[in-house]
Each structure stands twice: as structure tokens, then as C-alpha cells.
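The figures here come from the full heavy-atom set of this structure, side chains too, leaving out hydrogens, waters and symmetry mates. We name chains A, B, ... by the order of the sequence lines, and we start the count at 1 in each one.
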There are 2 protein chains.
Amino acid sequence: MSGDRARKKEQTRRVLIDAAFRQLSAERSFASLSLREVTREAGIAPTSFYRHFQNMEALGLTLVDESGLTLRQLMRQARQRIESGGSAIRTSVETFMEFVSENENVFRLLLRERSGTSRDFRAAVAREIAFFSLELADYIDSVTQRGHEFSRIQADAMVILVFNAGAEALDMSTAQRKKLVEKTIRQLRMLDAGGAVYMKRFQNLGNSNSGE
Amino acid sequence: MSGDRARKKEQTRRVLIDAAFRQLSAERSFASLSLREVTREAGIAPTSFYRHFQNMEALGLTLVDESGLTLRQLMRQARQRIESGGSAIRTSVETFMEFVSENENVFRLLLRERSGTSRDFRAAVAREIAFFSLELADYIDSVTQRGHEFSRIQADAMVILVFNAGAEALDMSTAQRKKLVEKTIRQLRMLDAGGAVYMKRFQNLGNSNSGE
DNA sequence: GATTTAAGCGAACAGATGTACGCTAATTTA
DNA sequence: TAAATTAGCGTACATCTGTTCGCTTAAATC
């Protein structure tokens with residue numbers, strides 16, 4: 001039968017990926033994982049690792065990619081919830097925080113590799129966040145009609161604030177997280193309100209960079 | 001003569017600290033430094049390390065503390081520049097970016113350990129950033145008189161955006177960094193403008209969290 | 001059914017790591 | 001000046017690391 005071997009190979013590849021994810025925690029970053037640790041957790045001989053990945057860096061990039069996928073599912077979920085009524089800002093923040101709580105290790109990975117030691121990792125995470133931001137910018141622009149460039153700047157700021165809130169949440173209790181959500185919502189509302197005001201000012205003054 | 005030995009000890013302690021800072025780079029995080037590497041760079045026997053620090057974690061905390069000090073000097077500088085005229089926002093962003101460019105490794109350390117694997121490190125960095133944010137909040141409040149809590153929320157958002165811009169700048173060319181500065185300034189202006197608007201709305205509606 | 005392919009394994013190796021221990025030599029104390 | 005303290009060093013050891021190599025065994029191909 002054809003595809004039997006390929007299927008089994010895919011299976012152990014998954015086991016390796018899952019083992020790596022499982023070992024991530026507040027105390028363990030991907031960079032601190034050794035090849036042997038991952039294979040041990042996966043129940044596979046160290047040397048077999050090379051049948052699936054060229055090295056740990058390759059495995060890491062796979063993890064980042066999968067995390068990006070999870071992130072996109074999150075976006076889809078948030079969009080659905082917004083469409084079925086409710087404040088866009090509140091819904092987005094709450095959905096994101098839910099995601100962080102349910103995927104702490106996935107989020108930690110993205111968070112850490114964003115400023116990690118591998119340029120490829122940093123680029124991969126930046127790409128995922130940019131995708132996230134672009135989607136939000138489109139949404140904002142479709143609602144406000146202030147122009148793509150402007151919406152993009154606003155969306156970028158919002159995404160950064162939400163991501164940062166997620167990062168802070170990781171070290172917090174449930175009660176503290178609730179407060180954090182409210183704070184973040186206020187920050188996004190400021191940006192929202194400010195977008196309208198600043199846009200007008202921006203148009204009146206033209207694109208000058210005159211001081212003050 | 002008394003204090004000779006103590007002085008020399010302090011000296012080699014400095015050599016260790018400097019060696020560690022020197023080894024930080026885009027490719028090397030503090031977590032990836034080994035005790036032996038640091039002592040090698042410092043020109044000191046591995047075992048002598050223990051005469052100065054209990055372990056690498058202790059050295060790391062010292063680095064974070066020193067980085068915090070540098071950050072406070074930066075704040076002082078920004079304050080002075082603002083007082084001697086010019087836009088507060090522009091001056092702050094430009095001064096911060098200058099700091100990042102001149103202290104890339106210091107900034108990288110703070111950036112990485114903010115989401116690192118040591119709770120103590122994370123707490124130490126959070127403390128430094130909170131200090132930074134608190135100062136800005138005081139300044140905002142003294143100018144706008146909108147109340148400490150409100151100013152704090154706004155200041156927090158601003159600090160996050162500026163820090164994040166600093167992080168992005170690390171992987172950028174000089175030209176790209178210039179554009180980033182302008183973008184960040186716009187984001188802060190949005191927050192500034194939005195603060196005024198949102199504050200009014202906030203007061204009129206009361207502290208309700210009614211949807212939409 | 002015979003031959004080829006390839007996933008998985010165990011043994012082995014060189015290199016690096018943190019740290020214990022005891023020594024030396026210089027400074028400090030008495 | 002004699003005794004005590006201590007920064008710095010070299011040796012040593014157990015442990016862990018990534019990776020090579022050749023083998024087995026089962027699936028795929030012919």
C-alpha cells in the first residue's frame with residue numbers, strides 16, 4: 001500500500017513538534033531546549049531527529065509557523081464574534097486574551113522569538129504580526145474610510161498594545177487579567193478617538209513635519 | 001593600605017560585567033552565555049567567577065539593574081531637552097531612539113529578559129519600565145490635569161509603543177529607522193489627541209462598562 | 001517474490017559545561 | 001613582624017551536548 005510509510009513519518013514528525021510545544025513553559029524557552037530533550041520527550045532516539053528536521057532551528061521555524069496558524073484562527077473567531085454584535089474593541093481584546101490563556105506556550109513562543117537570537121525567527125514572527133495588523137487595518141479602514149496608510153498606523157499601534165497586554169497577562173492572576181483587559185480596552189479607545197481627531201488635524205496641516 | 005584588595009575586587013567584578021555586556025548581540029542573548037564564555041572574555045579563570053557572583057543568574061540581574069540605570073539617565077536627558085523647547089512627543093521619541101542606537105545591547109537585554117525564562121528577570125525589567133512609565137504619567141498629568149489614573153493608562157500605552165519601536169529599530173537600516181520615528185510620533189499623537197476626547201466621554205458616561 | 005528504499009536505533013566520540021577542591025601569593029589584621 | 005584572610009588559578013570530574021556511522025526491519029517498487 002502506498003503512503004503508509006509517509007503517513008507514519010508525518011506522524012512522528014508531529015510527535016516531535018508536540019513534544020517541543022509541551023516543553024515550552026514560563027521557565028523554558030525554545031532556545032533552551034536541546035535536541036536530545038525534545039527526542040526524549042517524544043520517545044524517539046536522538047539520531048532519528050534528523051530524519052525529520054535538519055536541525056533545531058528548522059523545528060523552531062515550524063513551531064513559529066504553526067503558532068501563526070493558530071493566530072489566524074483566532075482572528076477568524078474574533079471577526080465572527082464582532083459580526084454577531086458587540087463592541088469591536090472589547091470583543092477583540094477579550095478574544096485575544098482568551099487565546100493567550102488557552103495557548104500560553106504558543107503565545108510565549110511568538111513573544112520570545114520576536115526578540116530572539118535568530119534573524120529568521122524574528123522575521124517569521126514579524127510576518128505573523130504584520131498579517132494580523134494588516135487585517136485589522138483593512139477592517140478599520142472599511143469602517144472609518146480614513147485611508148489605508150493612516151489606518152495601518154493606527155492598527156499597528158493597537159496590535160502592539162494588545163500583544164503587550166497578552167505578555168503582561170502571562171504573569172498575572174485571573175483577577176489581575178480582568179483589570180488588564182479593561183485597561184487595554186481604554187487604551188484602544190483612546191487610539192480610536194484620537195485617530196479621528198488626529199486625522200483631521202493631519203489633513204488640515206498637510207503632511208508637514210514642522211515641529212511642535 | 002586598607003581598601004586595596006576591595007578596590008581590586010570591585011575592578012574584576014566590573015571586568016566580568018563588561019565582558020558579559022560585550023558578548024550580547026543580535027545573535028547572542030544573555031541566556032545563551034555560559035559562565036566559561038564570560039570568564040574567557042574577561043580573561044579570568046572560570047572558578048574565579050564565584051568570588052564575585054553566586055551564579056550566572058546573579059550576574060544577569062546585575063546587568064538588568066545597570067541597564068535600568070542607563071534608562072534613567074536617558075529619561076533625565078529627555079526631560080532636559082523637552083524643557084529647552086520643542087515638541088515633547090518628538091523629543092521623547094527621538095531621544096529614546098538615540099539611546100537604542102547607542103546602547104543596542106543594553107536595550108536588547110531589557111527587551112529579551114522582559115519575556116525571558118527567569119521570573120526575577122522579568123520582574124526586574126517590568127520594574128524599570130514601570131518607573132519609566134510613572135515618570136511620564138506624572139508629566140502628562142501635570143500638563144493635562146486629567147487625573148493620575150487616567151494619565152497612567154495613557155503613559156503606559158505610550159511607553160509600550162516607544163519600546164516596541166525601539167525593538168523594531170534594531171533590525172532596521174538608518175533610513176528605515178527615520179520612517180519608524182515618524183510613524184511612532186503619529187501613534188503617540190493619536191494617543192494624545194484621543195486622551196482628551198476619551199476623557200470627556202469617560203466622564204460623561206461614568207465608569208460603566210456597558211457594551212458598544 | 002526479489003530488490004530497493006528509508007525510518008528508527010544504539011554505540012561511540014569529541015567537545016563543552018558547571019562546579020568542588022586545594023594551592024599560591026598578596027593584602028589585611030593583630 | 002607573624003598570623004589570618006582571600007582573590008585568583010589549575011586540575012579534575014561527572015554530565016550533557018550534537019552528530020557520525022552502520023545496522024535492522026518494514027514498506028515501496030519492480
Side-chain angles (χ1 to χ4, degrees), chain A residues 1-25 27-63 112-113 116-121, chain B residues 1-25 27-63 112-113 116-121:
Chain A
M1 198 56 185
S2 180
D4 191 1
R5 176 134 78 189
R7 216 186 57 245
K8 285 205 171 178
K9 182 170 184 181
E10 189 57 39
Q11 229 169 61
T12 53
R13 188 185 141 97
R14 259 256 72 78
V15 170
L16 280 169
I17 293 171
D18 292 344
F21 266 126
R22 221 175 309 128
Q23 297 203 321
L24 297 180
S25 71
E27 294 80 25
R28 300 290 262 119
S29 69
F30 177 77
S32 81
L33 292 185
S34 73
L35 183 151
R36 289 179 108 105
E37 276 177 312
V38 174
T39 56
R40 216 177 294 137
E41 170 79 19
I44 283 169
T47 48
S48 300
F49 180 91
Y50 298 102
R51 302 286 184 200
H52 304 277
F53 300 98
Q54 216 197 335
N55 47 42
M56 283 291 285
E57 169 118 1
L59 170 58
L61 283 174
T62 304
L63 296 196
R112 285 177 178 151
E113 298 312 328
T117 53
S118 157
R119 188 171 202 114
D120 285 350
F121 278 40
Chain B
M1 198 56 182
S2 181
D4 191 0
R5 176 136 72 190
R7 217 185 57 244
K8 286 205 171 178
K9 180 169 185 180
E10 188 58 39
Q11 232 169 59
T12 53
R13 189 185 141 98
R14 260 255 72 79
V15 170
L16 279 169
I17 293 171
D18 292 344
F21 264 126
R22 223 176 307 128
Q23 299 205 322
L24 296 180
S25 71
E27 294 80 24
R28 300 291 260 119
S29 69
F30 178 77
S32 81
L33 292 186
S34 72
L35 183 151
R36 288 179 105 105
E37 277 178 311
V38 174
T39 55
R40 217 177 294 137
E41 170 80 18
I44 284 169
T47 48
S48 299
F49 180 91
Y50 298 101
R51 302 287 184 199
H52 304 277
F53 300 98
Q54 214 196 335
N55 47 40
M56 283 292 284
E57 169 118 1
L59 170 59
L61 282 174
T62 305
L63 296 196
R112 286 177 176 150
E113 299 313 329
T117 53
S118 156
R119 189 172 203 111
D120 284 350
F121 277 40

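Distance, A:Lys9 NZ to C:dT5 C1': 12 Å, rounded to whole Å. For the pair B:Phe53 CZ and D:dG8 C1', the computed distance is 15 Å after rounding to whole Å. As rounded to whole Å, 15 Å separates atom P of C:dT24 from atom CZ of B:Arg51. Rounded to a whole Å, the CG atom of B:Leu59 is 13 Å from the P atom of C:dT19. For the pair B:Asp4 CG and D:dT5 C1', the computed distance is 14 Å after rounding to whole Å. Distance A:Leu35 CG to D:dC16 C1': 13 Å, rounded to the nearest Å. Between the P atom of C:dG8 and the NZ atom of A:Lys8 lies a distance of 9 Å, rounded to the nearest Å. Computed from coordinates, the A:Glu10 CD to C:dA7 P distance equals 12 Å when rounded to whole Å.
Judged by distance alone with a 3.5 Å cut-off, a donor-acceptor contact links the side chain of A:Arg5 to the base of C:dT5. Counting atom types as modelled, A:Arg36 pairs a side-chain N or O with a base atom of D:dT19 as donor and acceptor under 3.5 Å.
The pair A:Asp18-A:Arg22 fails the salt-bridge criterion, with no side-chain N (NZ, NE, NH1 or NH2) lying under 4.0 Å from an Asp/Glu carboxylate O.
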Intermediate values then yes/no, side chain to side chain contact (heavy atoms under 4.5 Å, CB included), B:Arg36 and B:Phe49: CA-CA 9 Å; B:Arg36 288 179 105 105; B:Phe49 180 91; over 6 Å; no
Please assess A:Arg28 against A:Gln23 for the test side chain to side chain contact (heavy atoms under 4.5 Å, CB included), listing each intermediate value before the final yes or no. CA-CA 7 Å; A:Arg28 300 290 262 119; A:Gln23 297 203 321; 5.5 Å; no
Working note: A:Met56 + A:Val38, criterion side chain to side chain contact (heavy atoms under 4.5 Å, CB included); need CA distance, chi angles, decisive distance, verdict. CA-CA 9 Å; A:Met56 283 291 285; A:Val38 174; 4.0 Å; yes
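Remark: A:Ser48 is not in phosphate contact with C:dA7, judged by side-chain N or O atoms under 4.0 Å from OP1 or OP2. For the OP1/OP2 pair of C:dG8 and a distance below 4.0 Å, the side-chain nitrogens and oxygens of A:Thr47 include no atom meeting the criterion.
Across all strands shown, A:Glu37 has heavy atoms under 4.0 Å from sugar-phosphate atoms exclusively, and none from any base. Nucleic acid contact for B:Tyr50: base, since at least one base atom lies under 4.0 Å from a heavy atom of the residue. At a threshold of 4.0 angstrom between heavy atoms, the contacts of B:Ser34 are confined to the sugar-phosphate backbone, with no base atom among them. Among the heavy atoms of the strands lying under 4.0 Å from B:Arg40 are primed sugar atoms or P, OP1, OP2 only; no base atom is included.
Contact annotation: the side chain of A:Leu35 never approaches that of A:Phe53 to less than 4.5 Å [non-hydrogen atoms, C-beta and beyond].
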